[in-house]
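Computed from heavy atoms alone, side chains included, the values below leave out hydrogens, waters and symmetry copies. One is the number of the first residue; the rest follow in order along the sequence.
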Amino acid sequence: MDLTAQNRIAELEQLILKYQNSYYNGEAEISDAEFDKLWDELKALNPSDPILQKVGADSGNFEKAEHIMPMGSQEKAADPEQFLQWASKHIYDRYLVEYKLDGASLELQYRNGYLVKAVTRGNGSIGDDITENAKKMSGVNAAIYKDGELVPFTGGIRGEVIMTHEVHKTHFADKANCRNAANGLMKRKDGKGSEYLKLIVYDALSTDEKKWFNCEEEKIKWLMDCGFNVVRLVICKTPDRVIAYRAKVMEERKSLEYDIDGLVVKESAINLTDASRARPDRQIAFKFSLEEAVSTLRKVEWSISGSTYTPVAVFDEVELNGTKVQRASLANPDTLRKLDVKIGSHVVVVKRGEIIPKIESVVEEADIQTVPVDFPCVCEVCGTKLVDEGSRLYCPNRDCSKRILHQLLKYQSVADIRDLGETLITQLFNDKRVRSISDLYSLQIEDLIPYFLNDESIEKDKKSLGAEKVYKSIQSHRNLRLQTFLAGFDIEGFGETQAEKLVKSGFDTLEKMLNATVDQISNVYGFAEISAKTIVDGLKENAGEMRSLIENNIITIKAEGGGKLSGLSFCFTGELVTMKRLDAEKLVKDNGGSPKSSVTKDLSYLVTNDTSSGSSKNEKARKFGVKVISEKEFLELVNN
């Protein structure tokens with residue numbers, strides 16, 4: 001492990017201990033989501049770190065008492081993917097799902113049916129004895145009765161101390177949230193305010209060998225029959241049903257009287273061995289996230305990019321990770337159909353990391369009115385009937401003017417002909433001077449002058465520096481890497497990164513690429529049969545012009561290999577001092593390297609002038625062990 005990773009681990013340990021202490025003493029300094037990010041990063045860097053096994057600390061204002069039931073932390077899943085990973089290793093006949101209450105843990109200790117102690121979570125084994133405060137709380141029974149008779153239970157009953165939204169609003173609005181307020185009140189030495197708190201229970205353990213229940217469902221029913229407030233319990237047959245239920249609860253939780261921050265998923269069987277572990281394995285906290293929200297779909301718009309029509313969901317505004325969001329991609333017709341999205345549907349919107357917002361699922365509800373989504377049938381530009389391949393809805397007309405213009409703009413962007421801007425290309429296209437990539441290279445200075453000078457200036461034979469600049473810029477971009485050349489033809493899903501993968505897998509000449517079959521491309525890692533077919537069809541459609549540009553020496557292909565940065569990849573983040581980011585990425589390409597837009601495990605370098613930044617790219621680089629260098633160090637790699 002390198003020194004950077006070791007330093008970050010030490011920093012994370014200090015932060016986690018600090019925030020755990022403030023959390024368990026009622027004055028949390030950061031949100032659960034922010035704390036979870038720190039926890040996940042430490043877990044990724046050092047899975048066996050002892051800090052991950054610790055719980056918290058109490059104030060020291062009360063007498064200490066040992067727990068009857070271990071009160072460790074649960075394993076957690078932050079999203080459906082993580083939950084499914086856990087579920088694949090924990091296959092149950094049925095999954096018991098309970099609300100994960102967002103309050104303060106408390107253990108009630110009984111002897112022969114009478115309350116003797118109430119102990120806070122503390123460090124997981126020993127906590128504060130706050131019995132006198134607990135007796136004032138709603139839901140804390142001084143004695144256990146069932147059907148009017150004393151129940152001689154000896155053992156522990158565990159629950160969560162919560163404050164309702166109404167109490168918080170009426171009496172403690174000065175506190176940041178219900179959980180902080182509840183934590184503070186339950187640990188007051190004078191006991192004032194504890195009467196505003198409520199205990200909801202979810203677990204029990206007998207210590208005198210008497211058996212009061214045989215499974216988790218019976219346990220909850222027994223607790224309810226004994227007069228306790230119990231957590232809501234739902235039984236799901238499959239992991240997918242758990243995910244669907246979670247989506248439904250995400251929508252409902254705003255109407256609950258108290259806060260929850262996820263679900264607890266467990267098996268029906270009571271597993272005392274697992275429960276005694278510091279982090280039980282047989283159950284998991286399936287948490288909600290600031291990167292998820294439920295909204296109502298209002299309409300679906302169709303975004304047209306070249307020939308492709310992409311469905312875009314428009315929904316009531318929600319906030320995701322601090323950003324207000326109202327639109328999300330639905331990817332393609334198949335995705336829309338698979339999700340069964342309809343106008344009026346309640347949908348789960350997600351935005352994780354640097355990924356753009358997307359619709360993840362539809363909340364299943366029987367009592368809402370919905371309307372099917374209308375699909376466009378003909379191209380809005382040329383009137384040609386659209387082709388619906390499931391994974392793609394597109395206009396098949398090669399001569400559709402919108403397709404041609406989009407290809408020209410894509411080529412200009414990929415080839416990085418900066419002086420030839422979008423406005424000028426559009427004007428040349430509308431004047432029918434440029435209708436293909438080949439036409440761009442046929443442009444002469446005199447063709448461009450009318451776009452820079454008025455008639456009077458032209459009559460006086462004035463020179464146009466702008467026209468000369470554009471002409472030189474086009475002519476200076478005739479020597480391209482194969483992957484850049486191919487990506488410029490605007491083939492669906494075939495950008496430089498994908499083209500580079502094929503080049504590196506052996507399709508390293510234009511002819512090899514043009515002769516590749518669907519089977520050959522789909523056998524390359526990262527390519528599926530559908531995307532391979534789209535690429536093969538796109539190459540076939542553009543093969544004539546591609547060959548013409550090469551055979552007539554209008555374009556030459558740079559030889560692969562060599563270059564100071566060959567085999568290396570770079571991602572840039574933050575502000576650069578000596579150049580623009582596009583120039584830096586071009587410098588990488590010119591020296592045989594690969595510019596990347598995001599941080600992945602196989603990235604060689606993250607370049608930033610602010611190595612201490614808490615940006616998502618910096619955090620990912622630390623997590624994956626990617627080397628972080630400054631702009632100066634990057635330039636040294638290029639120039640040495």
Side-chain angles (χ1 to χ4, degrees), residues 302-311 329-339 358 375-377 379 382 384-400 402-404 406-408 410-411 413-415 436-438 480-551 555 557-558 560-561 594 596-597 600 602:
W302 293 85
S303 173
I304 308 172
S305 177
S307 64
T308 303
Y309 285 64
T310 302
S329 173
L330 282 163
N332 56 52
D334 269 355
T335 299
L336 193 155
R337 294 186 188 104
K338 183 178 179 182
L339 290 170
K358 70 172 185 176
F375 281 62
C377 298
C379 176
C382 67
T384 303
K385 184 178 180 181
L386 298 179
V387 175
D388 186 348
E389 290 185 342
S391 62
R392 184 181 174 217
L393 181 67
Y394 67 97
C395 172
N397 179 12
R398 179 71 178 85
D399 297 321
C400 177
K402 192 174 185 69
R403 283 189 64 180
I404 297 170
H406 193 273
Q407 184 184 63
L408 291 170
K410 180 66 178 288
Y411 187 85
S413 173
V414 173
S436 68
I437 292 170
S438 300
L480 304 174
R481 300 165 81 206
L482 178 57
Q483 49 264 47
T484 303
F485 177 68
L486 293 168
F489 279 81
D490 197 26
I491 297 169
E492 178 74 17
F494 195 47
E496 276 192 272
T497 300
Q498 294 296 89
E500 186 174 15
K501 288 180 182 178
L502 291 185
V503 170
K504 289 182 176 179
S505 68
F507 300 96
D508 52 4
T509 68
L510 178 60
E511 285 307 311
K512 286 181 182 178
M513 197 71 76
L514 294 177
N515 291 323
T517 65
V518 172
D519 286 342
Q520 288 173 330
I521 291 179
S522 61
N523 283 330
V524 176
Y525 179 76
F527 293 84
E529 187 175 343
I530 292 175
S531 60
K533 183 181 184 304
T534 303
I535 292 168
V536 169
D537 290 346
L539 289 170
K540 182 179 179 181
E541 186 177 69
N542 291 282
E545 186 171 17
M546 288 180 176
R547 286 193 173 104
S548 175
L549 286 165
I550 301 300
E551 291 168 0
I555 296 294
I557 301 299
K558 289 181 181 180
E560 283 297 311
S594 301
K596 303 293 183 182
S597 61
T600 57
D602 57 354

Enumerate donor-acceptor pairs with a distance under 3.5 Å from any side-chain N or O in residues 532-539 to protein atoms, sequence neighbours excluded.
from: K533; atom 1: NZ; to: D537; atom 2: OD2; distance (Å): 2.8
from: T534; atom 1: OG1; to: I530; atom 2: O; distance (Å): 3.1

Any sub-3.5 Å donor-acceptor pair from S522's side-chain atoms to D519's backbone N or O? yes
Q520 side chain vs T517 backbone, donor-acceptor pair below 3.5 Å: yes
Residues forming a side chain to side chain donor-acceptor pair (under 3.5 Å) with [X], sequence neighbours excluded:
X    : value
R481 : none
T308 : R392, E492
D602 : T600
S329 : none

Under the side-chain contact (heavy atoms from CB on, under 4.5 Å) rule, collect the residues that match up with [X], sequence neighbours excluded.
X    : result
E529 : V518
S436 : S438, D439, E545
K501 : T497, Q498, F527
D388 : P333, R337, F375, L393

Is the shortest distance from a Lys or Arg side-chain nitrogen in R403 or E541 to a carboxylate oxygen in the other one below 4.0 Å? yes
I'd like to know if D508 and K512 make a salt bridge, using a cut-off of under 4.0 Å between side-chain N and carboxylate O. yes
Please report the C-alpha distance between E500 and S505 in whole Å, then the side-chain angles of each, then the deciding distance to 0.1 Å, and finally whether the side-chain contact (heavy atoms from CB on, under 4.5 Å) criterion is met. CA-CA 9 Å; E500 186 174 15; S505 68; over 6 Å; no
For K558, all residues meeting salt bridge (charged side-chain N to carboxylate O under 4.0 Å, His left out), sequence neighbours excluded: D590
Contacts of K385 meeting salt bridge (charged side-chain N to carboxylate O under 4.0 Å, His left out) (sequence neighbours excluded), chain-then-number -> none
Hey, does I521 have a side-chain heavy atom less than 4.5 Å from the side chain of L502? yes
So do the side chains of S307 and P396 get within less than 4.5 Å of each other, counting heavy atoms only? no
Minimum heavy-atom distance between [X] and [Y], given as atom pair plus value:
X    : Y    : result
V503 : L482 : CG2-CD2, 4.0 Å
I304 : G306 : CG2-O, 3.7 Å
G390 : N332 : O-OD1, 3.6 Å

Pair listing, ring pair (Phe, Tyr, Trp, His ring centres under 6.0 Å) test, anchored in residues 480-517, at least two apart: F485-F489
Using 0.5 Å steps for rounding, measure from the [atom1] atom of [X] to the [atom2] atom of [Y].
X    : Y    : atom1 : atom2 : result
I404 : N397 : CD1   : CG    : 8.0 Å
L486 : M513 : CG    : CE    : 5.0 Å
M546 : L514 : CE    : CG    : 6.5 Å
I557 : T509 : CD1   : OG1   : 10.0 Å
Y411 : D490 : OH    : CG    : 13.0 Å

Would you please say whether a donor-acceptor pair under 3.5 Å links the side chains of N542 and R547? no
Does the pair C379 and C400 meet the rule for a side-chain contact (heavy atoms from CB on, under 4.5 Å), with working shown? CA-CA 9 Å; C379 176; C400 177; 3.8 Å; yes
Y309/L386 under side-chain contact (heavy atoms from CB on, under 4.5 Å): CA gap, chis, key distance, verdict: CA-CA 9 Å; Y309 285 64; L386 298 179; 3.6 Å; yes
